> 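There's a structure below that I have some questions on.
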Amino acid sequence: MGFRIGVVGATGAVGRNMVEVLEKSDVVVSELRLFASERSAGQTIMFKGSEVRVEVLTEKAMREGFDYLLFSAGADVSRKYAPIAADVGTTVIDNSSAFRMVPEIPLVVPEINGKLLKGYSGIVANPNCSTIQMVLALYRVHDRYQLHEIFVSTYQAVSGAGHKAIVEYERQLTGDMTHNVFPRQIAHNVIPLIGDLKNDISQEEWKMINETRKILNSQSISVFPTTVRVPVRIGHSESVIARTLFPIMSKEDLIETIASGEDVVIHDDIITPLEIAGDDDTHVSRIRLFDAHTFGLWVVADNLRVGAATNAVRILKLHSQLNCASSTESEIEVAEVERR
Ligand code: A2P
């Protein structure tokens with residue numbers, strides 16, 4: 001036995017990572033299907049030693065019924081195809097922004113609000129990459145001291161804008177400085193705008209504001225982001241200054257609290273995106289306690305993994321454990337999630 005799984009957008013920057021993370025995981029896959037646009041028809045991608053042919057995405061294929069479909073082909077593709085798949089009983093884990101703020105659709109970081117997956121079927125939204133690593137660094141502090149305000153500046157890798165963005169950046173490194181994907185040259189530069197502006201706030205910044213509140217289940221947290229693209233291939237970095245309602249006992253307690261987060265690693269020394277590319281943890285360094293209510297962090301994670309593919313596969317694993325639990329290990333996992 002095993003799961004019938006499909007990846008939609010399998011040839012993209014995140015899609016390829018979804019296949020790799022699935023391959024590395026202990027998820028038992030009985031069949032893997034890969035979908036992309038007509039441009040990729042005929043390509044193959046390796047999975048567990050076999051070449052899997054990339055198929056053109058069609059409504060008919062979406063109606064076939066899968067155990068899980070992982071989507072990362074943009075919001076328009078998700079809006080059109082994800083409901084078709086969900087209608088025939090497939091659990092869709094969608095990496096796009098299409099459904100994240102729909103009230104009935106769970107927006108899940110498994111370590112934080114994985115319990116929402118219990119008894120749920122349909123579309124599950126995978127949050128924005130910058131939001132995931134920030135809330136992973138902060139959620140235990142929120143549990144203990146209640147977050148009140150978060151001021152965050154991001155330093156986001158080009159791969160977050162997809163395969164075309166990586167190609168544009170690499171072309172610029174060879175001297176061709178034309179740009180189509182980014183609003184300015186990105187090589188040797190930084191760009192303080194990600195997505196279009198709405199009321200002076202960029203799309204990426206709105207995502208961090210709204211998604212943080214939804215994931216942490218608190219409308220009273222104020223988030224003040226500035227999102228910036230930097231000439232880094234993989235790995236988003238964030239400078240986070242946060243304020244709590246209740247006084248933090250000590251710096252040691254703050255460190256212990258952050259470190260108690262699942263899949264969160266604390267570093268005494270500085271940590272940089274180059275060092276964590278390909279890794280599945282969220283890395284925190286430069287921890288500063290400015291006063292009893294105010295602290296600062298430097299948070300780094302692989303945006304394609306922690307911020308996208310790994311979170312999606314963690315959702316898949318937890319969903320399957322919570323809803324198809326049969327082994328003792330699954331029962332322990334269920335009990336742990338229920339305690340959270
Ligand atoms: P393709 O490679 O055939 O264009 P990225 O985020 O790196 O740009 O990747 C986007 C992914 O979404 C790619 O796999 C891309 O396929 C896929 N994609 C984009 N548009 C469509 C579409 N209309 N139908 C199916 N797949 C699409």
Side-chain angles (χ1 to χ4, degrees), residues 5-23 32-47 51-64 66 68-86 90 92-100 123 125-132 156-172 179-183 186 194-196 203-204 207 227 229 231-236 277-278 301-313:
I5 296 177
V7 176
V8 176
T11 54
V14 169
R16 283 180 184 274
N17 271 272
M18 285 171 160
V19 175
E20 277 176 35
V21 174
L22 259 181
E23 182 169 39
L32 181 71
R33 303 267 296 276
L34 304 177
F35 300 97
S37 80
E38 280 155 12
R39 292 178 289 271
S40 302
Q43 278 190 35
T44 56
I45 292 177
M46 291 300 287
F47 182 72
E51 285 189 341
V52 182
R53 199 172 52 81
V54 177
E55 303 172 51
V56 177
L57 178 64
T58 60
E59 293 186 16
K60 184 165 172 276
M62 294 296 96
R63 277 194 214 97
E64 282 179 37
F66 292 80
Y68 293 98
L69 275 173
L70 307 182
F71 271 67
S72 192
D76 290 342
V77 172
S78 293
R79 267 187 217 105
K80 179 168 175 194
Y81 293 95
I84 298 172
T90 298
V92 174
I93 300 165
D94 180 34
N95 190 50
S96 83
S97 60
F99 305 104
R100 287 179 190 153
I123 299 171
N126 206 46
N128 161 266
C129 44
S130 299
T131 308
I132 293 177
Q156 297 184 219
V158 292
S159 55
H163 180 68
K164 284 197 194 90
I166 302 172
V167 171
E168 178 163 305
Y169 168 60
E170 287 179 346
R171 209 183 52 230
Q172 290 176 358
H179 60 85
N180 306 305
V181 177
F182 296 116
I186 185 62
I194 303 182
D196 296 334
Q203 279 172 330
E204 187 78 356
K207 289 175 190 172
T227 57
R229 191 72 67 188
V232 167
R233 204 167 183 279
I234 293 173
H236 287 359
D302 184 323
N303 53 297
L304 301 175
R305 296 262 176 148
V306 175
T310 302
N311 198 69
V313 173

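When a residue number appears, it is its place in the shown sequence, counting from 1. First listed ligand is number 1; within each ligand, the first listed atom is number 1. All of these numbers come straight from a predicted model, not from anything done at the bench. When reading the values below, keep in mind they use all heavy atoms of this one structure, side chains included, and skip hydrogens, waters and symmetry mates.
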> With distance as the sole criterion, is a donor-acceptor pair present between the side chains of E204 and N128 under 3.5 Å?
yes
> Is there a side-chain contact between I186 and H179 in this structure, where contact means two heavy atoms from C-beta onward sitting under 4.5 Å apart?
no
> Pairwise, report which nitrogen or oxygen atoms of ligand 1 are under 3.5 angstrom from protein nitrogen or oxygen atoms, and how far apart they are.
| unit_1 | atom_1 | unit_2 | atom_2 | d |
| --- | --- | --- | --- | --- |
| ligand 1 | 2 (O) | T11 | OG1 | 2.6 |
| ligand 1 | 2 (O) | S40 | OG | 3.1 |
| ligand 1 | 3 (O) | S37 | N | 3.2 |
| ligand 1 | 3 (O) | S37 | OG | 2.6 |
| ligand 1 | 3 (O) | S40 | OG | 2.5 |
| ligand 1 | 4 (O) | S37 | OG | 3.4 |
| ligand 1 | 4 (O) | R39 | NE | 3.0 |
| ligand 1 | 4 (O) | R39 | NH2 | 2.9 |
| ligand 1 | 7 (O) | A13 | N | 2.9 |
| ligand 1 | 7 (O) | H163 | N | 2.7 |
| ligand 1 | 14 (O) | G9 | O | 3.2 |
| ligand 1 | 14 (O) | T11 | N | 3.3 |
| ligand 1 | 14 (O) | T11 | OG1 | 2.6 |
| ligand 1 | 14 (O) | G12 | N | 3.1 |
| ligand 1 | 16 (O) | T11 | OG1 | 3.3 |
| ligand 1 | 26 (N) | S37 | N | 3.2 |

> For the residue pair M62 and L57, establish whether any side-chain heavy-atom pair is separated by less than 4.5 Å.
yes
> Regarding T11 and Q43, do their side chains bring together a donor and an acceptor under 3.5 Å, going by distance alone?
no
> Apply side chain to side chain contact (heavy atoms under 4.5 Å, CB included) to F182 and V158, showing your working.
CA-CA 9 Å; F182 296 116; V158 292; 3.9 Å; yes
> Any heavy-atom pair between the side chains of V77 and S96 that's under 4.5 Å?
no
